[in-house]
Amino acid sequence: METNRLSSKIEKILNQQITKEADAAQIYLSYGAWADDQGFAGVANFLFRHSQEERDHMNKVMSYIMERGGRVKISAIEAPSSDPKNLQDCFERIFQHEVDNTNAIYEIVSLAQEEKDWATWNFGQWFVKEQIEEETLVLDLIDKLKIAGGPKATSESLYFFDSQLAQKEDEADLARDASAERP
Ligand SMILES: [Fe+2]
Ligand SMILES: [Fe+2]
């Protein structure tokens, strides 16, 4: 009896998503370590929590594959590339990662639609919504950095930005709680 409710294509793209989420978690860990080294403890804290959220996303995809009788395959992830040049560069790179990830989610949803796999389509919608929130959050931080002076920001304004992120705990926790919920 066939108990795998996922097509081989869907199983493959979901397994690729596991690697993408793990990769994002690893990149944000490296940026967090860089931020801490630069003295931005608030930014580091924010990035470490964001990294944990990406791990939660990874687990969520894993659970879904298993729930549907599919086979989870864990692949290697690459070492993160070079450190950001400054905070602006750091958040711009994060934004680009999030946009790339949104596109990967759209691929999953499109394939699910094509195959009329409405269970996976529905599962994917949680991530569509999550990506809107993540992109908005990062864009908001890029805006704040712009106001602080962008690449020419003074150390006082960056100190203020960093302290603000240190206080952002509640927001990130809410997002993390949400990512632990079932779709
Ligand atoms: Fe994610
Ligand atoms: Fe993300």
Side-chain angles (χ1 to χ4, degrees), residues 6 10-36 40 42-68 70 72-84 87-112 119-145 165 168-183:
L6 302 174
I10 293 277
E11 191 182 79
K12 189 174 173 210
I13 202 169
L14 288 174
N15 271 307
Q16 284 168 349
Q17 192 60 32
I18 289 179
T19 313
K20 284 201 167 73
E21 300 290 352
D23 195 46
Q26 197 80 336
I27 289 167
Y28 297 163
L29 267 189
S30 81
Y31 290 179
W34 166 82
D36 182 76
F40 298 119
V43 173
N45 186 34
F46 170 81
L47 289 171
F48 291 143
R49 279 184 285 117
H50 200 128
S51 171
Q52 192 52 48
E53 276 190 38
E54 303 299 353
R55 295 283 298 181
D56 290 344
H57 296 164
M58 181 197 74
N59 285 327
K60 202 175 175 72
V61 182
M62 269 180 63
S63 302
Y64 177 72
I65 295 176
M66 295 188 288
E67 213 172 75
R68 302 297 289 158
V72 168
K73 288 196 186 83
I74 301 299
S75 307
I77 46 172
E78 284 178 26
S81 57
S82 60
D83 285 337
L87 282 184
Q88 179 103 8
D89 183 41
C90 177
F91 283 99
E92 281 174 4
R93 286 196 205 183
I94 292 172
F95 182 68
Q96 193 52 53
H97 284 302
E98 291 300 334
V99 171
D100 291 347
N101 197 47
T102 300
N103 290 334
I105 297 294
Y106 288 174
E107 291 292 324
I108 293 173
V109 175
S110 302
L111 185 64
T120 301
W121 185 89
N122 185 54
F123 172 74
Q125 294 307 314
W126 183 90
F127 281 90
V128 171
K129 189 164 167 274
E130 176 72 6
Q131 284 308 115
I132 297 173
E133 284 170 22
E134 296 216 342
E135 286 184 20
T136 306
L137 176 68
V138 181
L139 272 182
D140 181 50
L141 293 175
I142 292 175
D143 279 348
K144 285 200 169 80
L145 275 172
L165 270 188
K168 252 188 163 357
E169 188 130 20
D170 286 342
E171 259 179 60
D173 272 347
L174 279 176
R176 188 170 54 192
D177 289 348
S179 66
E181 275 170 23
R182 314 299 291 172

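Whatever order the structure lists ligands and atoms in, that order sets their numbers, starting from 1. These numbers were taken from a predicted model, which means no experiment stands behind them.
- Excluding water, every protein N/O/S atom under 2.8 Å from the Fe ion (ligand 1) is given here by residue and atom: Glu21 OE1, Glu54 OE1, His57 ND1.
- Take Arg68 and apply the salt bridge (charged side-chain N to carboxylate O under 4.0 Å, His left out) test, not counting sequence neighbours, and it matches no residue.
- Atom CD of Glu53 is separated from atom CG of Leu137 by 8.0 Å, given to the nearest 0.5 angstrom.
- The ring pair (Phe, Tyr, Trp, His ring centres under 6.0 Å) check on Phe91 picks up Phe161, with sequence neighbours excluded.
- The ring pair (Phe, Tyr, Trp, His ring centres under 6.0 Å) search around Phe127 returns His57, Phe123, not counting sequence neighbours.
- Ion pairing between a basic and an acidic side chain is recognised when a charged N comes within 4.0 Å of a carboxylate O; Asp140 and Lys144 show such pairing.
- Between Tyr31 and Tyr28, the ring planes lie tilted relative to each other; the angle falls in the 30° to 60° range.
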